[in-house]
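Worksheet for the structure shown next.
Counting convention: from 1, in listed order, for ligands and their atoms alike.
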Amino acid sequence: MDGARDTICALASGLPPSAIAIVRISGSQVRDICGSMLEGGVPKPRHATFGRFLDVSRETIDEGLAIFMPGPNSYTGEDTVELYLHGGAAVIEHALDTICGFESTRLAEPGEFTRRAFENSRLDLVEAEGVADLIDAETRAQKSLALDQLAGRLSGQYAKWRSGLVEALALLEVSIDFPDEEDAPDDTDHPVRQQLLVISDSLEAALADDEIGERIREGFHIAIVGPPNAGKSSVLNRLARREAAIVSDIPGTTRDIVEVRLKIGGQIAWVADTAGLREAGDAIEAEGVKRAHARAASADLRIQLRSSDTEGDFSGVSDEDICVLNKSDLSTSHDIASGVLVISAATGDGFEVLEERIAEVIRKKAGRAGAPMITRRRHRLALENALFHVKQALDLQARGGGAELVAEDVRLAARQLSTLVGEIGVEEILGAVFSSFCIGK
Ligand SMILES: Nc1nc2c(ncn2[C@@H]2O[C@H](COP(=O)(O)OP(=O)(O)OP(=O)(O)O)[C@@H](O)[C@H]2O)c(=O)[nH]1
Ligand SMILES: [Mg+2]
């Protein structure tokens, strides 16, 4: 990314054609651009001002509203203007071409407006991720998670842990700097230990969250498992309402995992069809069976599928799984155990109940989460590393390690939290976070 001195512009609204297009410009050239492009000159700050937009040859680009937000009290912290144009491709192109004709002015890269907001301390890194998540949110749950994050609840929690560590560090520094000083607290070991124990417990509790925040953000994992020919692929297709997986009467049809993304119970879910579980015939099927077992083990929820015409055996199945007997349209000689859902992928019989049962499980899982929730792998890794160092510090202290050594681990733990909120700017982290944004944000 180029230096912050360039002025950047982008279409901030959806792709044309649309009723209105919003073009956003940020940087030191904004006043000059307004002075030249807007018939009425630089608009009054934070007032919607109607007028004509002109190119350098004084040809009309369009007419519409402009809102000027002078820095530092703007989204990016720089002078910013938003132009509200008619949302046609030609209008937008004419406007952007004109703007990019100004000195040191260019199209923005993905996430560059938010990156500037971050660099100008308008947002921390975790809050900036909240912006991206809010834009990507498809469910209410994702939206409220993103809003919480944007409002700084997650950053607040991370900051609390960090300041606890800094306090412990301050106590340790006292015993390092003034080991024999009269005024120094006699025993800093005990308060340091207390402080570190509180943080370690709190980090451990936050990490033991079944990754619900990540599930809400990225989707819950559901696996359909069972013997060959039970109708797993047929069930997947009916849940997906399309022919996503191949169905045939040859046992062992599915080998690779076929996944569909659904909205269910107000959440996103990835439903995986898997290879039928049996002592496999050939090497390819054996690999499929291996993958099926692995996916079943890592899933948040398993749908155990059996076919009523062959076997209705659910022995050995976990209480947390949903037991489903398929092919209800065929006659069955089995007793049906209580709690087993009876469906037919051929007729659709029982699917409403099945979908409701899935929704119920997911809603329950999502509802178990405490607040604020860890929403990304990046955060989880940083917190796990922080916890590792806190525990190591506690361990060292218990074994009579010197304050310098204990302090080093506490410092490393605090550093993890600083990196998390972007206080310590590691360039590749910033690149990874902001490149996932859309252009114009
Ligand atoms: N009558 C009836 N046939 C069904 C039903 N569901 C699936 N079938 C048939 O059962 C056969 C197997 O269906 P699949 O969906 O391919 O079964 P599968 O469990 O994915 O099988 P594998 O991929 O081999 O493990 C096909 O011929 C389907 O048409 C049902 O509810 N009723
Ligand atoms: Mg199949």
key: Spacing of Asp395 atom CG and Leu196 atom CG [to the nearest 0.5 Å]   = 12.0 Å
task = Kindly confirm or rule out an N or O of Gly252 lying under 3.5 angstrom from an N or O of ligand 1.
result = yes
remark   = So the atoms of ligand 1 within less than 4.0 Å of a heavy atom of Leu330 turn out to be 1 (N)
key: Candidates Arg215, Lys365, Lys364 - the one meeting salt bridge (charged side-chain N to carboxylate O under 4.0 Å, His left out) with Asp300   = Arg215
Residue portion contacting ligand 1 (non-hydrogen atoms closer than 4.0 Å) for Ser234 = both
query = With a 4.5 Å heavy-atom cut-off, do Leu207 and Leu387 have their side chains touching?
reply = yes
request  = Examine Thr274 against ligand 1 and note whether any of their N/O atoms are separated by less than 3.5 Å.
outcome  = no
request  = Please work out which of Asn229, Val225, Val235 has its closest non-hydrogen atom nearest to atom 22 (P) of ligand 1.
outcome  = Asn229
task = Under 4.0 Å from a heavy atom of Ile250: give me the atoms of ligand 1 that qualify, with their elements.
result = 24 (O)
ask   = If we only count N/O pairs under 3.5 Å, is Ala275 in contact with ligand 1?
value = no
request  = Enumerate the atoms of ligand 1 whose separation from the nearest heavy atom of Ala230 is less than 4.0 angstrom.
outcome  = 19 (O)
key: Side chain proximity check, Asp79 to Ser74, heavy atoms < 4.5 angstrom   = no
query = Among protein heavy atoms, which sits nearest to atom 28 (C) of ligand 1, and what does the distance come to when rounded to 0.1 Å?
reply = Val247 CG1, 3.6 Å
message = Given 3.5 Å as the limit, does a donor-acceptor pair link the side chain of Arg106 with the main chain of Ser104, or not?
response = no
request  = Report the part of Asn326 in contact with ligand 1, treating N, CA, C, O as backbone and CB onward as side chain, heavy atoms under 4.0 Å; options are side chain, backbone, both, neither.
outcome  = side chain
ask   = Do any nitrogen or oxygen atoms of Ile246 lie less than 3.5 angstrom from nitrogen or oxygen atoms of ligand 1?
value = no
Residue portion contacting ligand 1 (non-hydrogen atoms closer than 4.0 Å) for Asp329 = side chain
key: Residue Pro251 vicinity, atoms of ligand 1 by number, heavy atom under 4.0 Å   = 24 (O)
ask   = At under 4.0 Å between heavy atoms, which part of Ser248 makes contact with ligand 1: side chain, backbone, both or neither?
value = backbone
ask   = Can you check whether Ala346 has an N/O within less than 3.5 Å of an N/O in ligand 1?
value = yes
message = Any nitrogen or oxygen of Gly276, side chain or backbone, less than 3.5 Å from one on ligand 1?
response = yes
message = Using a 4.0 Å cutoff against the non-hydrogen atoms of Ser233, which atoms of ligand 1 qualify?
response = 15 (O), 18 (P), 20 (O)
request  = Kindly state each residue pair satisfying salt bridge (charged side-chain N to carboxylate O under 4.0 Å, His left out) with at least one member in residues 337-353, sequence neighbours excluded.
outcome  = none
request  = Report yes if the side chains of Asp133 and Leu145 come closer than 4.5 Å at any heavy-atom pair, otherwise no.
outcome  = no
task = Enumerate the atoms of ligand 1 whose separation from the nearest heavy atom of Lys232 is less than 4.0 angstrom.
result = 15 (O), 17 (O), 18 (P), 19 (O), 20 (O), 21 (O), 22 (P), 25 (O)
query = Quick one: which of Thr7, Thr76, Asp6 gives a side chain to side chain donor-acceptor pair (under 3.5 Å) with Ser26?
reply = Thr76
NZ/NE/NH1/NH2 to OD/OE distance under 4.0 Å, Glu356 and Arg363 = yes
ask   = Does any N or O in the side chain of Gln304 come within less than 3.5 Å of the main-chain N or O of Gly226, such that one atom is a donor and the other an acceptor?
value = no
key: ligand 1 to Ala345 polar contact by distance, N or O atoms, under 3.5 Å   = yes
key: Non-hydrogen atom of Leu236 closer than 4.0 Å to ligand 1   = no
query = OG/Ser155 to CG/Leu123 distance, rounded to the nearest 0.5 angstrom?
reply = 9.0 Å
task = Could you tell me whether the side chain of Ser18 and the main chain of Ile20 form a donor-acceptor pair under 3.5 Å?
result = yes
ask   = Just by modelled atom types, is the Gln397 backbone N or O under 3.5 Å from a matching donor or acceptor in the Asp189 side chain?
value = no
request  = Report the C-alpha separation of Val258 and Leu236 in whole Å, then their side-chain angles, then the decisive distance to 0.1 Å, and conclude whether the side-chain contact (heavy atoms from CB on, under 4.5 Å) test is met.
outcome  = CA-CA 9 Å; Val258 179; Leu236 177 88; 4.0 Å; yes
inquiry  = Any donor-acceptor pair under 3.5 Å linking the side-chain atoms of Arg5 with those of Ser28?
reply    = no
Asn229 (side chain) donor-acceptor with Asp249 (main chain) under 3.5 angstrom = yes
inquiry  = Give me the residue, atom name and distance of the protein heavy atom closest to atom 3 (N) of ligand 1.
reply    = Lys327 CD, 3.9 Å
key: Protein N/O/S count near the Mg ion (ligand 2) (criterion: distance under 2.8 Å)   = 2
inquiry  = Please report whether ligand 1 has a polar contact with Asp273, defined as an N or O pair separated by less than 3.5 Å (distance criterion only).
reply    = no
query = Can you find a heavy atom in the side chain of Arg255 that is under 4.5 Å from one in the side chain of Arg291?
reply = no
